[in-house]
Amino acid sequence: MSSPRIPATLIAGDGVGPEIVEAAVAVLDALGAPFEWEHCSAGLGALARLGDPLPEATLDSIRRTRLALKGPLETPSGGGYRSINVRLREAFKLYANLRPARTLVAGGRYDKIDLVVVRENLEGLYIGHEHYVEIDGDPHAVAMATGVNTRAGCERILRYAFDLVVQQGRRKVSVVHKANVMKALTGIFKETAERLYEREYRDRFAFETIIVDACAMKLVLNPWQFDVLVTTNLFGDILSDLVAGLIGGLGMAPGANIGVDAALFEAVHGSAPDIAGQGKANPTALLLAGAMMLDHVKRNDLAERLRLAIDQTLNVRSIRTPDLGGAASTSMYTQALIDALRKA
Ligand code: NAD
């Protein structure tokens, strides 16, 4: 079936980014995905080449297309420029970070995992209000950070998560917080969740609130007790990496940043500098993000074909990259996916 072309911004990113983006585009092309790519730059590479880690041309492209697929972007730790990922989320009000984790390769430490982490993406401790206080000549004697969570921001992400549970016929929401210590900053999230559930969603699914540290422990001991986790920015970032570990690692975990002005799809993982340029990176996480992007543009038929090809390649032909215990390079695995799509 031929469909109208859909303009979409493509950002290769840093580290393993260009390798996995090349793989994803080749597979999406073989699938007949409708995307018309606008190639743009961001991150450390863009800073080196163009003198700006977030060039105006990239922002302009996303303003036009309202849709993007991006590789990971490197952010210097400590000093340096502010995270481009955070700036992109702010620029396009990408308030919902959706990170599903589903077992694709059986026989790992955990089987049959099917969890979704919904992370608030714009508020909390990520707003970047930080500073040092100098004492006795030490410019870094004291470090301070301010977090901001708003009633409106909490309600928006909680409503997104609750609606997702209803739409996908899921069974339970766990609202993750630390309101015993950060009584205001994360108390507002818990309180808003309880009120919203009571007011509008009562009895449509099971509901619990849970403290983040206990949640981390329970996820490791018995992840099957959870279904959808919804939480504030920093906790969501940490727990979604933990959840990725349950399904074979970061190479398998996709993410969508959904917002008012655009939707941006990416892998959960970063630029993986330890394996960059070695042809070892697993492009599955980015490909699954591509499948989420196809769902977003209502091409669920293509998304399902892509997921099936990934399943067949990993499980029937057992072609896997080294992070999954296999010996296939990124390009061998990519070619196998393309072959699977052509045969289907
Ligand atoms: P990372 O996610 O890049 O890597 C963590 C571990 O997972 C590494 O051992 C890496 O080799 C492995 N890994 C990650 N992706 C893989 C893949 N596709 N295939 C196989 N193995 C994979 O985390 P990090 O090293 O802490 O961060 C590196 C950089 O990435 C930092 O600058 C960080 O700020 C940035 N980062 C960016 C994003 C993003 O763009 N969305 C997300 C997280 C981190």
Side-chain angles (χ1 to χ4, degrees), residues 9-24 27 40-48 53-54 58 68-92 94 97-99 101 104-105 108 117 119 121 126 128 233-234 236-258 263-290 292 310 314 319-334 337:
T9 305
L10 184 71
I11 299 170
D14 298 316
V16 293
E19 301 162 60
I20 58 171
V21 167
E22 187 187 337
V27 173
C40 290
S41 301
L44 203 58
L47 179 66
L54 185 54
T58 302
L69 183 68
K70 71 169 265 297
L73 305 176
E74 203 151 321
T75 309
S77 287
Y81 57 82
R82 188 153 178 255
S83 165
I84 302 307
N85 294 309
V86 173
R87 282 180 58 197
L88 281 169
R89 289 170 201 153
E90 289 173 354
F92 297 100
L94 306 173
N97 189 195
L98 185 60
R99 293 182 159 184
L104 284 181
V105 178
V117 177
R119 165 195 179 193
N121 223 11
Y126 271 57
N233 208 335
L234 177 62
D237 194 19
I238 297 167
L239 289 183
S240 56
D241 268 37
L242 190 161
V243 164
L246 305 176
I247 56 159
L250 284 167
M252 305 298 282
N257 299 275
I258 308 288
L264 187 154
F265 297 83
E266 63 182 348
V268 166
H269 64 74
S271 57
D274 52 335
I275 58 165
Q278 298 172 30
K280 285 185 193 169
N282 184 353
T284 306
L286 189 66
L287 278 162
L288 292 171
M292 293 173 84
I310 291 171
L314 290 173
I319 298 175
R320 298 174 189 170
T321 44
D323 55 307
L324 297 178
S329 64
T330 310
S331 55
M332 282 163 65
Y333 175 66
T334 304
L337 285 170

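Computation of the quantities below employed the complete heavy-atom set of this structure, encompassing side-chain atoms and omitting hydrogens, waters and symmetry-equivalent molecules. Atoms within a ligand are numbered from 1 in the order they appear, just like the ligands themselves. Along the sequence shown, residues carry numbers from 1.
- Considering both main-chain and side-chain atoms, R89 never comes within under 3.5 Å of ligand 1 through any nitrogen or oxygen pair.
- Only side-chain heavy atoms of D274 come within less than 4.0 Å of ligand 1; its backbone N, CA, C and O stay farther off.
- Only backbone heavy atoms of V268 (N, CA, C or O) come within less than 4.0 Å of ligand 1; its side chain stays farther off.
- Within a 4.0 Å radius of atom 27 (O) of ligand 1, the protein contributes no non-hydrogen atoms.
- Counting only heavy atoms from C-beta outward, the side chains of T334 and V27 approach each other to under 4.5 Å.
- When hydrogens are left out, the protein atom nearest atom 29 (C) of ligand 1 is S271 OG, 3.2 Å; that is the closest non-hydrogen contact.
- Where the criterion is an N or O separation shorter than 3.5 Å, residue side chain and backbone included, N282 meets it with respect to ligand 1.
- Protein heavy atom in closest approach to atom 36 (N) of ligand 1: G270 CA, 3.4 Å.
- The main-chain N or O of G279 is found under 3.5 Å from a side-chain atom of T330 such that the two form a donor-acceptor pair.
- In this structure, the side chain of N233 does not engage the main chain of Y126 through any donor-acceptor pair within 3.5 Å.
- Ligand 1 does not have K280 within reach: every non-hydrogen atom of the residue lies 4.0 Å or more from it.
- Shown here, atom 15 (N) of ligand 1 is in close reach of the protein: a heavy atom of it lies under 4.0 Å off.
- Looking at every heavy atom in both residues, P72 comes nearest to I20 through CD-CD1, 4.0 Å.
- Heavy-atom minimum distance, A101 versus V243: CB-CG1, 3.1 Å.
- For atom 33 (C) of ligand 1, the nearest non-hydrogen atom of the protein is T75 N, 4.3 Å.
- For the pair N257 (side chain) and L94 (backbone), a donor-acceptor distance under 3.5 Å is absent.
- Proximity of atom 24 (P) of ligand 1 to the protein is not indicated, since no non-hydrogen protein atom lies closer than 4.0 angstrom.
- At a 4.0 Å heavy-atom cut-off, ligand 1 touches E266 through the side chain alone.
- With a 4.0 Å cut-off on non-hydrogen atoms, P273 touches ligand 1 through its side chain and not its backbone.
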Task: Worked verdict on N85 versus K70 for side chain to side chain contact (heavy atoms under 4.5 Å, CB included) - done: CA-CA 10 Å; N85 294 309; K70 71 169 265 297; 2.7 Å; yes
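- With a heavy-atom cut-off of 4.0 Å, N85 touches ligand 1 through its side chain alone.
- Note on ligand 1: I275 sits in its first shell, one or more heavy atoms being nearer than 4.0 Å.
- Each of E266, R89, R119 was checked for a side-chain hydrogen bond (donor to acceptor under 3.5 Å, both in side chains) with N97, and the lone residue meeting it is R119.
- Of the inter-residue distances, the one linking I84 atom CD1 with L54 atom CG reads 5.0 Å to the nearest 0.5 angstrom.
- By heavy-atom distance, the residue among A23, G15, G245, A272 lying nearest atom 13 (N) of ligand 1 is A272.
- In terms of protein heavy-atom proximity, atom 7 (O) of ligand 1 is nearest to L250 CD1, 3.7 Å.
- Heavy atoms from other residues, nucleotides or ligands lying under 6.0 Å from CD of E22 number 12 at most.
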Open item on the list: Between I310 and Y333, is the side chain to side chain contact (heavy atoms under 4.5 Å, CB included) condition met? List the steps.
Closed with: CA-CA 10 Å; I310 291 171; Y333 175 66; 3.8 Å; yes
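- Nearest to atom 35 (C) of ligand 1 among the protein's heavy atoms is L73 O, 3.5 Å.
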